[in-house]
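Values below: every heavy atom of this structure, side chains too, minus hydrogens, waters and symmetry copies. So that the names make sense, note that chain A is the first sequence line, chain B the second, and so on, each numbered from 1.
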Amino acid sequence: MDRYEPQQIEAKWQRVWEDARAFYVSNPDSPEQAEREKFYMLEMLPYPSGNLHMGHVLNYTLGDVVTHYRRRQGFTVLRPMGFDSFGLPAENAAIRGGGHPREITERNIAAIRAQMHRLGWAIDWDREVSAHQPEYYRWTQWLFLKFFEAGLAYRKAAPVNWCPNDQTVLANEQVIDGRCELCGAEVESRNLEQWFFRITAYADALLDDHATIDWPERTKAIQRNWIGRSEGAEVLFRVEELDLDLPVFTTRPDTLFGATFMVLAPEHPLVEQLAAGTEQEAAVREYVKHTAARSTVERETKEKDGVFTGRYAVNPATGEPIPIWIADYVLMEYGTGAIMAVPAHDERDFEFAQRYGLPVVRVVEPAGGTAEESEGAFEAHTANERLVNSGQFSGMPAPEGARAIVEWLGERGRARPAVSYRLRDWGFSRQRYWGCPIPIVYCRECGIVPVPEDELPVLLPEVKDYRPKGIPPLASNQEWLHVPCPRCGGEAVREAETMDTFVDSSWYFLRYCDPHNDSAPFDRAIVDYWMPVDQYIGGIDHATGHLLYSRFFVKVMNELGFVGCREPFAGLFHQGWVRLGGSKMSKSRGNVTAPDQLAEMYGADAVRLFILFMGPADQDMEWTEEGVEGIARFLRRLWRIVNEVSAEAPRDGAGDGPLARKTHQTIAKVSDDIGRRFVFNTPIAAVMELVNELAPATNDPAARQAAETVVSLIQPYAPHIAEELWERLGHERLWEQPWPVADESLLERETFELVIQVNGRVRDRVEVSADLPEAELIERAKASPRVQAQLDGKEIRQAIVVPRKLVNFVV
RNA sequence: GCCGGGGUGGCGAAACUGGUCAUACGCGCCUGACUUAAAAUCAGGUGUCUCCUUUGGAGGCGUAAGGGUUCGAGUCCCUUCCCCGGCACCA
């Protein structure tokens, strides 16, 4: 028998699959084909950082197992791959002098593609797309224009993360603990004109449609949290002197009688008007200026401070004037940017009131009975409260009081029920080079003008220096920047900012369906055939980013009539982190184990098996190469035994002996684990068990069937060795063989091992026929000498019989 | 602080709806076979304590800790401890 040479057979079969176009799949082009049962298997596309790490290997091997399993179950499986190829790392490499970001990126893509081929993943490479290719980003731009026309992409001034060192806007995910991910400088908040997608208009749809998708509960919880829907009321506070109304949002309108002052965010547009002409004017201006200079970290960690505006508003419930303050613990981005402060029942307001000596009025108390007079103290909310000190509403339970007060003020137009969200609109402009240009022109006469569709793509221009210097790098190319206005022909400049890369990845799964379409982003009929993605696999770190954005994009595209589905990902699974020394593997941490070396040493099949055998795929795992030897040993053992069986084992028969039964039990176990439970480590153990039983029984009449089953079941994990052994067993093209089905009659046992317990402790086990009645089982149990010894002289008070399992005597 | 995930052998982990001496499968370790030797391979052993008429057998204790429900709990309930991750002035 020849030796197991993984490198050799892996190269051989990868060539065979490629020649046979084994994993390429066509779009339906006839009604019959459209009837095929489809399965869209997708893993989050990689950022081409240069090398795959074990986290990628886990992610894509999981997808690969599912792909093979579903294919062999008869589904037409779409399993594409692409690259999230715009983004900062390539640009930073370019800044360091590594060449053009495009060259760096394409070099990296080539390297990763080669690694992916080496691992033998079943991918339809004809559908590969990369975000940075003009054929792709042309349609990213086209979609932007559609969103813009629909009023869902707009410009506004908003606070953004600004790195004073790199002179650029940073995405939230580039800010770690208030510092720039790249240079470590403290991030400032700056008010800049930015592009936004109106994702907040879809907040309720994003929440409600959770009911329609099969996602992990915790991922939905994270999104719910992030969207942060709060129900409450908007209440108007009157400023008589200036003849204006200040709206506030509150979730506790029942505490309105306890509102003893108001607080506005320093950025509130009315701050200046309020303070004007009061003796506080200078102090207010000073505070606003001071706040603007504060870093985000400082603003969030310092003790609360603020300043009186010199104005008073009328509490609409009490009719009393209350002072209006400004303080930066109130955020302009949430609610109305102004609050009614109820220091008796809100910790933050209390802290503020203490510091500035503002009055504290208690307006709710626990329903159980009167807590002793605690005037002037903070009192946390409790489950059952009723109103006090609240005029005609005193005595009401809090929720009822809230409704009544809103209704009462509503009659005079001073309050209405309102909903507020934590979710903000998605700011997607980046003052960076390596991203998708935003197809917009600013004209002196016409203002914001979209680039006409037939002029797309707006190609990313060449620039001399990628370094951001406060203005986007694209703006440094004067020739590119200045264009005639598409509308009036007058002088105009291009938008020089680029899009967040999350825009690119919000629709790539649609492009895969129809990747070569050059007259539209995709054909709706084709997309409607494949979508939604049946199984999506990727990290949970994208819960509030990519996964939320993609859901938003699909909802908009659905409403614009581009796609039939309302949700992109029907099923979702998160693989755990592969850690090294406690932190997750990533290029930026430099703790990457390249799978290449491992594949070189042990073969791709060993790497694939090993990463899935390490533990449950959805749990984090600490990377160690200890144990990979065991997998290599298993493969050699498999090789030897199957070769032996192929040469020696009898050709016919299988019978219903122990090996035949074990074979069918293993089929049932593996199918259930992959198909229903979505666990991937235990099937490997189950196949190992079967191999262990087969090893000493290669002459068993069931040996050949057992060997074939082992090879067939391990194929999704280790497709190369499986294919080779399948051939040696005298068969062809395992990749398209139907998935084995367990023979039910061999799963049902005629006899079973009856467990006999005394007081819940196992005392003996006897082999009995499966069809014995309960009474007979009890008799058999009593007959056991070991049980006799335990029962000795004691009285049996009860006998519990679990059919086909056990008898338990209670004495 | 809040939310989520965990805590089982020297290690990675099994035990899926409470029911077969809990620890499958693999790693590591120990013993033996093969070998000049090593590697590889193969066979066997491997929670812990106690006892016995000791090539074998019997029993006690063991799933972070304590309590509860149950004929029976790693699995369900309560309390506590520890580890990991995420969010954190959102009115």
Side-chain angles (χ1 to χ4, degrees), chain A residues 3 216-219 221-222 224-226 228-230 232 248-252 255 259 263 299-302 304 327-331 333-342 345-349 351-352 420-424 540-541 543-544 576-577 579 582 584 609-610 613-616 618-622 624-634 636-637 640 669 672-673 676-677 679 681-692 695-696 752-766 786 789 797-811:
Chain A
R3 275 183 57 198
E217 199 40 55
R218 70 182 167 133
T219 313
I222 290 171
R224 267 199 305 273
N225 241 326
W226 186 260
R229 185 190 152 99
S230 305
V248 305
F249 173 77
T250 176
T251 54
R252 296 298 304 247
T255 62
V263 186
R299 187 165 172 166
E300 280 173 12
T301 50
K302 67 167 175 56
K304 288 182 186 22
D328 64 4
Y329 80 91
V330 173
L331 309 175
E333 307 91 78
Y334 186 78
T336 61
I339 63 160
M340 62 179 215
V342 184
H345 306 291
D346 182 288
E347 240 174 314
R348 296 155 303 180
D349 297 343
E351 187 189 329
F352 196 78
S420 198
Y421 301 89
R422 226 189 74 115
L423 183 70
R424 309 278 149 78
I540 195 169
D541 51 328
T544 57
W577 293 115
R579 299 172 186 291
K584 74 187 182 197
L609 274 170
F610 182 53
F613 189 60
M614 279 186 83
D618 57 349
Q619 249 170 249
D620 293 356
M621 49 188 97
E622 179 67 29
T624 161
E625 283 176 33
E626 258 174 64
V628 69
E629 273 296 346
I631 289 294
R633 201 171 293 159
F634 165 70
R636 283 193 295 266
R637 192 167 143 82
R640 184 176 59 77
K669 162 82 176 159
D672 188 52
D673 281 357
R676 181 181 64 86
R677 296 177 62 205
V679 298
N681 53 331
T682 48
I684 302 172
V687 171
M688 285 173 167
E689 280 189 59
L690 179 53
V691 171
N692 289 346
F752 72 99
E753 198 170 36
L754 178 71
V755 172
I756 308 162
Q757 299 179 328
V758 177
N759 285 341
R761 299 194 63 97
V762 177
R763 294 303 173 182
D764 202 2
R765 298 177 298 166
V766 292
R786 293 167 65 164
R797 291 187 20 227
Q798 199 188 345
I800 289 142
V801 180
V802 180
R804 309 181 73 82
K805 286 233 164 95
L806 56 78
V807 171
N808 183 18
F809 294 113
V810 186
V811 299

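Using a 4.0 Å cut-off between charged nitrogen and carboxylate oxygen, Arg224(A) and Glu217(A) count as a salt-bridge pair.
Across the strands present, U36(B) finds no partner; the criterion is a Watson-Crick or G-U wobble pair with both atom distances under 3.5 angstrom. Partner assigned to C81(B) is G7(B), using Watson-Crick or G-U wobble distances below 3.5 angstrom. Remark: G74(B) base-pairs with no nucleotide in the shown strands. Criterion, Watson-Crick or G-U wobble with two distances under 3.5 Å. The nucleotide G47(B) finds its pairing partner in C61(B), both defining distances of the Watson-Crick or G-U wobble pair being shorter than 3.5 Å. Partner assigned to U23(B) is none, using Watson-Crick or G-U wobble distances below 3.5 angstrom.
Listed nucleotides A14(B), C42(B), A91(B) differ in distance to Thr250(A); the shortest reach to its side chain belongs to A91(B). For Thr682(A), counting side-chain heavy atoms from C-beta on, the closest listed nucleotide (A14(B), C71(B), C42(B)) is A14(B). For Asn692(A), the listed nucleotide lying nearest its side chain is G26(B); candidates were G26(B), C87(B), C42(B). Distance from the side chain of Ile800(A) is smallest to G19(B) among G19(B), A91(B), U41(B). Here the side chain of Gln619(A) is nearest to one of C42(B), A13(B), A91(B), namely A13(B). Considering only the side chain of Met688(A), G26(B) comes nearest among A91(B), A24(B), G26(B).
In this structure, CZ of Arg3(A) is placed 13 Å from P of A40(B), rounded to the nearest angstrom. Put simply, CZ on Arg422(A) is 12 Å from C1' on G86(B), counting in whole angstrom units. Following rounding to the nearest Å, Glu689(A) (CD) and A24(B) (C1') show an atom-to-atom distance of 6 Å. If you measure from atom CG of Leu331(A) to atom P of A91(B), you get 10 Å, rounded to the nearest angstrom. Between the P atom of A40(B) and the CZ atom of Phe634(A) lies a distance of 19 Å, rounded to the nearest Å. Atom-to-atom, CD of Glu629(A) to P of A39(B) comes out at 12 Å; the value is rounded to the nearest Å. Straight-line distance from the CZ atom of Arg636(A) to the P atom of C42(B): 9 Å, rounded to whole Å. Atom P of nucleotide C25(B) and atom CZ of Arg633(A) are separated by 15 Å, given to the nearest angstrom.
Here Gly630(A) lies in heavy-atom contact (under 4.0 Å) with sugar-phosphate atoms only. Among the atoms of the strands shown, none is found under 4.0 Å from any heavy atom of Arg229(A). Looking at heavy-atom distances under 4.0 Å, Ser230(A) makes contact with sugar-phosphate atoms alone, never a base. Looking at heavy-atom distances under 4.0 Å, Val679(A) makes no contact with the nucleic acid at all. Nucleic acid contact class of Asp349(A) (heavy atoms, under 4.0 Å, all strands): none. Residue contacts for Asp672(A): at a heavy-atom cut-off of 4.0 Å it reaches a base atom on one of the strands shown.
Ile339(A) places a side-chain heavy atom less than 4.5 Å from the side chain of Tyr329(A). Using a 4.5 Å heavy-atom threshold, the side chains of Arg677(A) and Lys669(A) count as touching.
In the displayed structure, Glu347(A) atom CD is contacted under 6.0 Å by at most 12 heavy atoms of other residues, nucleotides or ligands.
U63(B) and G7(B) have their P atoms separated by 14 Å, given to the nearest Å. Rounded to a whole angstrom, the distance from the P atom of C77(B) to that of G5(B) is 13 Å. With C1' as the reference atom, G32(B) and U17(B) are 45 Å apart, rounded to whole Å.
No cation-pi contact links Lys304(A) to Phe352(A), judged by a cut-off of 6.0 Å to the six-membered ring centre and 45° from its axis.
In this model, the phosphate group of C42(B) is approached by a side-chain N or O of Arg640(A) to a distance below 4.0 Å at OP1 or OP2. Side-chain N/O atoms of Asn681(A) include one lying less than 4.0 angstrom from OP1 or OP2 on A14(B).
With hydrogens and angles ignored, no donor-acceptor pair closer than 3.5 Å exists between the side chain of Arg218(A) and the base of C3(B).
G9(B) has its base syn relative to the sugar, with a glycosidic angle deviating from 0 by at most 90°.
Between Ile684(A) and Leu609(A), the shortest heavy-atom contact is CD1-O, 3.6 Å.
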Carefully, step by step, assess Ile540(A) and Arg218(A) under the rule side-chain contact (heavy atoms from CB on, under 4.5 Å). CA-CA 9 Å; Ile540(A) 195 169; Arg218(A) 70 182 167 133; 3.6 Å; yes
